[in-house]
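A note on names: the letters A, B, ... follow the listed sequences, proteins ahead of strands, and every chain is numbered from 1. What you see below is based on every heavy atom in this structure, not just the backbone, and it leaves out hydrogens, waters and symmetry mates.
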Protein chains: 2
Amino acid sequence: MPLEATKFRQAIVENTLRSCQLFMGLPTVDIATIASFIVPKHLAKGDYLFREGARAEGFYIVQKGAINIHRVNVAGKEQVIHLFRPIESFAEAALATDAGYPADARATESTTVLLVPKSDFIELLRKRPELALRMLGSMSQHLRVLVGLLDDLMLKDMGTRLANWLLKRCPRPLSGAAAVIELDRTKRVLAAEMGTTSETLSRTLAKFRHKNLLRVKGTTITVMKPRELQKLLQQNLGEL
Amino acid sequence: MPLEATKFRQAIVENTLRSCQLFMGLPTVDIATIASFIVPKHLAKGDYLFREGARAEGFYIVQKGAINIHRVNVAGKEQVIHLFRPIESFAEAALATDAGYPADARATESTTVLLVPKSDFIELLRKRPELALRMLGSMSQHLRVLVGLLDDLMLKDMGTRLANWLLKRCPRPLSGAAAVIELDRTKRVLAAEMGTTSETLSRTLAKFRHKNLLRVKGTTITVMKPRELQKLLQQNLGEL
DNA sequence: GTCCCGCCTTGATTCAAATCAAGGTTTAAT
DNA sequence: ATTAAACCTTGATTTGAATCAAGGCGGGAC
């Protein structure tokens, strides 16, 4: 294989690493070291990267596409935990424990991830305590996301849940300016993420549409009146 | 203050540290170092250790009593995230980020916790990469717990949820031997942890009682027929 | 001991969401 | 371009849990 090609590939990987939160601003040497033991993996839409309980090989960084982390509970229902998109890292927990992955990971579209193998990385970690702190930061971020998800799921009714979800995605809800939200996923999947069925989501969106709070076109939602939505959320909460 | 007393206190702290998962098996020197910057805190029942958003001073280890970590969502409802008991550590996420604590912490009884101050500990972390790995392990454990909680909360009905909860607490569910479960909390609180109301919990327990699956006396539940319960759980799940 | 407050239980009612069902629409593949 | 499959929407029905309400039990204060 031509040496040039290898170098080129390495350069791309290094670029991804540098731009990802976890390694941003790291010395070039370290980036190069990490890049040297990266294993890229390609997945077709629907392929599983790993399943719950599988021995953990390391953690991952999404380079292209999207990875859906989910859990199928004893009842067989799938609860989406998170959807990771390019430059995000996940499964860092794998580093620290011999227990298998605690959830399933599936590509929701054609996807490339970079595997950072456990043993290699741990070795580096021993020499670079700074890095360990970053890992801690990343995991604490994941914890926060999970706590946020819990919050959302426990909110009383779908109206409230959806309003809350939409507002979190409006750039400046208080400005009153219409905001366009691109779903990046099918409504069925969105419903699953919010812990409900596509029917209920559909109805709730319809309710908001009829109040002229928003418009829906395909997988694009335009929030026409963020402030109204905000107000509605507040008063829903008040009535509890 | 008499030197002896100080030494004595230090010895007790070191003992707690040694027995806690996080520091178990650590060299004596390190234990002593950590013990030297520990700040013990006493809380009366109902006192808050910290509130959501508060600047994080460090992480904690429960020495005596119990700490309830919970979240009050936008609707004002309290969702219990976890109840920490002696020798458990929590809020490790505080180390790695400047964001405040992501939840509230309240003592549910008279409690003593050991505060491990952030800056001191981070300094040590830089010199002891091993320690950082342990922290990662601990956080990954918390992640698992949270994922498990999510699982439970999303289970269809209370019958299923409760059966699942009980079975997780039977030492050997398959043995068929009756198991005694001590709640350690009021039923109202348990209901909150399971994301429901005390009325619903009461009814569900009654249902199981009528089927002679268990007996309830105060805060003690005796599961008479774990296997029956297991069977019921399976078939509940099948019917979905 | 007795009084009181908070906890638990049980019943009746209400309500939101899951489920079942069917028609219309978009997407992707041939 | 045609067709099949998946997706979305909307309606009717069912169901499980929250809520409202009231009575009983138990433990702590005095």
For side chain to side chain contact (heavy atoms under 4.5 Å, CB included), just list the numbers for B:R188 and B:L190, CA-CA rounded to whole Å, side-chain angles, deciding distance to a tenth of an Å, and then say yes or no.
-> CA-CA 5 Å; B:R188 178 178 296 281; B:L190 175 58; over 6 Å; no
Of A:T16, A:N15, A:T112, the residue whose pairing with A:Q63 passes side chain to side chain donor-acceptor pair (under 3.5 Å) =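 Testing each of A:T16, A:N15, A:T112 against A:Q63, the sole residue satisfying side chain to side chain donor-acceptor pair (under 3.5 Å) is A:T16.
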Given [N], is OP1 or OP2 found less than 4.0 Å from the side-chain N or O atoms of [X]?
{"X": "B:S202", "N": "C:dT9", "answer": "yes"}
{"X": "B:T186", "N": "C:dG6", "answer": "no"}
{"X": "A:T197", "N": "C:dA18", "answer": "yes"}
{"X": "A:T200", "N": "C:dA18", "answer": "yes"}

Polar side-chain contact A:R188-C:dT26 base: donor and acceptor under 3.5 Å =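 Looking at the base of C:dT26, it does not pair with any donor or acceptor on the side chain of A:R188 (distance under 3.5 Å).
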Would you say the base of C:dG11 and the side-chain of B:R203 have a donor-acceptor pair closer than 3.5 Å?
-> yes
To the nearest Å, give me how far apart [atom1] ([X]) and [atom2] ([N]) are.
{"X": "A:L155", "N": "C:dA17", "atom1": "CG", "atom2": "P", "result": "11 Å"}
{"X": "A:K45", "N": "D:dA5", "atom1": "NZ", "atom2": "C1'", "result": "12 Å"}
{"X": "A:K207", "N": "D:dG11", "atom1": "NZ", "atom2": "P", "result": "13 Å"}
{"X": "B:E199", "N": "C:dT14", "atom1": "CD", "atom2": "P", "result": "17 Å"}
{"X": "B:R215", "N": "C:dT9", "atom1": "CZ", "atom2": "P", "result": "16 Å"}
{"X": "B:Q79", "N": "D:dA18", "atom1": "CD", "atom2": "P", "result": "12 Å"}
{"X": "B:L190", "N": "C:dC7", "atom1": "CG", "atom2": "P", "result": "14 Å"}
{"X": "A:R161", "N": "C:dA16", "atom1": "CZ", "atom2": "P", "result": "14 Å"}

Between A:R185 and A:L183, is there a donor-acceptor pair closer than 3.5 Å when you use the side chain of the first and the backbone of the second?
-> yes
Say whether, by atom type as modelled, one donor and one acceptor occur between the side chain of B:Y101 and the main chain of B:E57 under 3.5 angstrom.
-> yes
Which word best sums up how the rings of A:F90 and A:Y60 line up, parallel for under 30°, tilted for 30 to 60°, or perpendicular for over 60°?
->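 Because their plane-to-plane angle is under 30°, the rings of A:F90 and A:Y60 count as parallel.
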Hey, which of these two, A:T196 or B:T219, hits DNA chain C nearer its 5' end, going by closest nucleotide?
->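 Checking each residue's closest nucleotide, the 5'-ward one belongs to B:T219.
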Hits for ring pair (Phe, Tyr, Trp, His ring centres under 6.0 Å) against B:F59, two or more places apart or cross-chain, chain-then-number order -> B:F121
Are side-chain N/O atoms of A:S89 and A:Q21 paired as donor and acceptor at under 3.5 Å?
-> no
Would you indicate which nucleotide in D:dT9, D:dA17, C:dA17 comes nearest to any side-chain atom of B:M158?
-> D:dA17
Footprint string (nucleotides 24-30 of chain D, 5' to 3'): B base within contact, S backbone only, - free, heavy atoms under 4.0 Å = -------
